[in-house]
S.K.: 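Structure incoming, see below.
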Amino acid sequence: MTFLKRSKNCGELRSQNIGETVILNGWVHSRRDLGGLIFIDLRDRYGITQLVIRPELTPDVAEKAKPIRSEFVLWAKGTVHKRESINSKMPTGEIEISVEDCDIINPSELPPFEILDELDASEELRLKYRYLDLRRPALQNNFIIRNRVAQITHSFFYENNFIEIETPYLMKSTPEGARDFLVPSRIHKGKFYALPQSPQIYKQLLMVSGFDRYVQIVKCFRDEDLRSDRQPEFTQIDAEMSFVEQDDIIAVFEKFFKRLWKEVLGIEIQIPFPRLTYKDAMENYGSDKPDTRFEMKLHNLNQIFANTEFQVFANTIASNGIIAGFNAKGFGSYSRKQLDELTEFAKKYGAKGLSYIKFTDNSISSPILKFLKQEDIENLKQIFAVEDGDLLLIISDNWRTTYTALGALRLEIAKRGGIIESVKGQYNFLWVIDFPLFEWDENASRWVAMHHPFTSPNVSDLDLLDTNPGEARANAYDIVLNGVEIGGGSIRIHNEQVQKKMFDLLGLTEKQANDKFGFLLQALKYGAPPHGGIALGLDRLVMLLTGTDNIRDVIAFPKTTSGLSLMDNSPSEVDPDQLRELGLKI
RNA sequence: GGGGCUGUAGUUCAGCUGGUUAGAAUGCCUGCCUGUCACGCAGGAGGUCGAGAGUUCGAGUCUCUUCGGCCCCGCCA
């Protein structure tokens, strides 16, 4: 089928084009047939332009336009006219195209949902017809922004002397970290490649090679459960630098963020960003990725309750636990039922219970009131700057549980109180530093790397590796924006002996270490430079730049929470011959 | 692995303690309509109540199984 190719797109015509003869191609956004007058809104990526057909003047055109319905693809030739009634809501609202000739390039079945930004279709349906969902301007805009981020990344790092180098997607499966996606080898039956969880080791090897500054926008794969901000395949902006310390990497990336925000959103952000130690982040905000757009800070209450008769608190203190809380400002009117809800919420995070003190109508009510001395109450009022109508929420448990649960409650209260809504449009970046090097894995009864096993210990904590590994801090840093971890990195181990020791502490035998990471240990013997880097989650970055709270909105063809692609029905069974060729049996 | 919510016209939803022919809005179809842009007016068509089994005189509604979707905990170096 032939068609007249467009001379303009559907978003560019303005009143200064009046009188021009143009050809447009696009999709029928809507059609309004008034009988003696037919309006068609034609849509493409660039915008919407109104076509007008007058059956009285052009009966043949009207005849051709008769079967036109939503989402048909058309070409239309005509003259740009000023509208009789201007639509100030549309960029092209001052003009319309008086159609002299047009035709259907390709008809469309009735779409299962309307192509509107004010979507009213279920996500299930949208995912099944993803190619239609992606016609919606709001969604297209997300990918335009995503592309802008990618382009700025290419140019920023190019200008700063970084080299983009591709690393393999078929690599060796390594222990530690996330579950690998495996790819069977046909040539070597019974053996498998793994898809990279990140190009971590390759980029370190590139530093050994002397590339000095590496960057890559790269897909990563992790076979773990999905979340609203997690997909099994996602994209990182991955970078590594040689002869650097933590401050050097932080400085480069602060400049990168400044440029991104300027060029994508037109916003000047202030650098350098604040830095918070992991310990301070946990003890003030109950999170290693604190949202600092609002206060409601947590406070340790062990002092106040040092001699309490309330058994739960006393036991916590006796077992070196933490009693802490925060002021849920203005929530003093919460009912028993609502407080029960909050208690259930806290329990999801491991808390065994939730204590509260309500300050309402100049009186105090609390299940633990009888244990509170007047002095305690005064102290609490002072610490939390309590006003009438406030609610104190208190948890006592071990350090991690107390702070984690309070941190989750803090966010929940902020959400319920409309605080999150009110700080929209603010961008609070911060670095979280001084992470512990190890975490104790209760199930496996061994230390596991909090970041990854190539992370360099803090120089001043090197001795702790032998005496008290749990206290050793890592030379690692996370970049956090508005409570979202958008990236993390570390200075790496460039010394073979230190790396061996690390594997040893992580419970790998020398043989295991050599089997899995021998090539890295080998490479470290040949003059590895001091190096370090960082990886940003591109998808999460784009989420924040577009203001969406769901990662599926920034990935063109995402999976559902159970890992299915509803559009193409993957994963799917394969032909028995394919399995045979791979030497696999199900 | 666990918890919560959810599946009813094309779509978004309502549907009470189980009870006549399962409704609304919107979309769709037909007709009318010369300034619409959420066009308007009149009429019409449209249902395996996710699937399967069970209880019952009778199931959209109750029970069990199962398949999906969304959110969270665990998991995600």
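Letters A, B, ... mirror the listed sequences (proteins, then strands); counts begin at 1.
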S.K.: Have a look at A/Glu96 and say if it touches a base, only the backbone sugar-phosphate, or nothing, with a 4.0 Å heavy-atom cut-off.
M.R.: base

S.K.: Would you say A/Arg222 places a side-chain N or O within less than 4.0 Å of OP1 or OP2 belonging to B/C75?
M.R.: no

S.K.: In terms of side-chain heavy atoms of A/Phe39, which of B/G68, B/G10, B/U36 is nearest?
M.R.: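 The answer is B/U36.
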
S.K.: Could you tell me which residues satisfy ring-ring contact (aromatic ring centres under 6.0 Å, His included) with A/Phe503, sequence neighbours excluded, listed by chain and number?
M.R.: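 Applying ring-ring contact (aromatic ring centres under 6.0 Å, His included) to A/Phe503 gives A/Phe517.
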
S.K.: Check RNA chain B against residues 551-573 of chain A and give the residues with a non-hydrogen atom under 4.0 Å, in numerical order.
M.R.: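 Contacting residues: A/Arg552, A/Thr560, A/Thr561, A/Ser562, A/Leu564, A/Leu566.
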
S.K.: Which value, in whole Å, describes the distance between the P atoms of nucleotides B/C32 and B/G46?
M.R.: 23 Å

S.K.: Looking for any heavy atom pair under 4.0 Å, which part of the strands does A/Ile48 touch: base, sugar-phosphate only, or nothing?
M.R.: nothing

S.K.: When you look at NZ of A/Lys516, are more than 12 heavy atoms from neighbouring residues, nucleotides or ligands closer to it than 6.0 Å?
M.R.: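 Yes, the 6.0 Å shell around NZ holds more than 12 heavy atoms from other groups.
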
S.K.: Within residues 341-351 of chain A, find the residues that approach RNA chain B with a heavy atom at under 4.0 Å, and present them sorted by residue number.
M.R.: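 Contacts with RNA chain B under 4.0 Å: A/Lys348, A/Tyr349.
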
S.K.: A/Glu439 near the nucleic acid: base, sugar-phosphate alone, or nothing, with a heavy-atom cut-off under 4.0 Å?
M.R.: nothing

S.K.: What's A/Pro112 touching, base or sugar-phosphate or nothing? Going by heavy atoms closer than 4.0 Å.
M.R.: sugar-phosphate

S.K.: Sequence neighbours left out, what passes ring-ring contact (aromatic ring centres under 6.0 Å, His included) with A/Phe519? Give chain and number order.
M.R.: none

S.K.: Please work out whether the ring planes of A/Tyr131 and A/Tyr129 are parallel, tilted or perpendicular, with thresholds of 30° and 60°.
M.R.: perpendicular

S.K.: With a 4.0 Å limit, can you tell me whether A/Ser122 has a side-chain N or O closer than that to the phosphate oxygens OP1/OP2 of B/U12?
M.R.: yes

S.K.: From the list B/C70, B/C37, B/A38, which nucleotide is the closest neighbour of the side chain of A/Ser85?
M.R.: B/C37

S.K.: Distance check needed: B/G69 C1' versus A/Arg130 CZ, whole Å only.
M.R.: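 Between C1' of B/G69 and CZ of A/Arg130: 14 Å.
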
S.K.: Output the single nucleotide from B/G1, B/G35, B/C70 whose closest atom is nearest the side chain of A/Arg83.
M.R.: B/G35

S.K.: Output one letter per nucleotide in nucleotides 28-34 of chain B: B when a protein non-hydrogen atom lies under 4.0 Å from the base, S when only the sugar-phosphate is that close, - when neither is.
M.R.: SSS--BB

S.K.: Kindly say whether, by distance alone, the side chain of A/Gln50 makes a donor-acceptor pair under 3.5 Å with the base of B/U36?
M.R.: yes

S.K.: A/Ile86 or A/Asp225: which one's nearest nucleotide on RNA chain B is closer to the 5' end?
M.R.: A/Ile86

S.K.: Under 4.0 Å from OP1 or OP2 of B/C39: is there any side-chain N or O of A/Arg32 that close?
M.R.: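 Checking A/Arg32 against B/C39: at least one side-chain N or O falls below 4.0 Å of OP1 or OP2.
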
S.K.: Classify the nucleic acid contact of A/Ser198 as base, sugar-phosphate or nothing, counting any heavy atom under 4.0 Å across all strands shown.
M.R.: base

S.K.: Just name whichever nucleotide pairs with B/C57, Watson-Crick or G-U, keeping both distances under 3.5 Å, else none.
M.R.: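 Base-paired to B/G19.
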
S.K.: Suppose you measure atom C1' in B/G60 against the same atom in B/C13; what distance do you get, rounded to whole Å?
M.R.: 14 Å

S.K.: Is there a Watson-Crick or G-U wobble partner for B/A42 with both distances under 3.5 Å, and which nucleotide is it?
M.R.: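 B/U30 - that is the nucleotide pairing with B/A42, both distances being under 3.5 Å.
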
S.K.: What do you reckon, is NZ of A/Lys128 surrounded by more than 12 foreign heavy atoms closer than 6.0 Å?
M.R.: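 At most 12 heavy atoms, drawn from other residues, nucleotides or ligands, come within 6.0 Å of this atom.
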
S.K.: Tell me which nucleotide among B/C70, B/G35, B/C72 gets nearest to the side chain of A/Asn550.
M.R.: B/C70

S.K.: In chain order, what residues pass the ring-ring contact (aromatic ring centres under 6.0 Å, His included) check against A/Phe234, with sequence neighbours excluded?
M.R.: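 By the ring-ring contact (aromatic ring centres under 6.0 Å, His included) rule, A/Phe234 matches no residue at all.
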
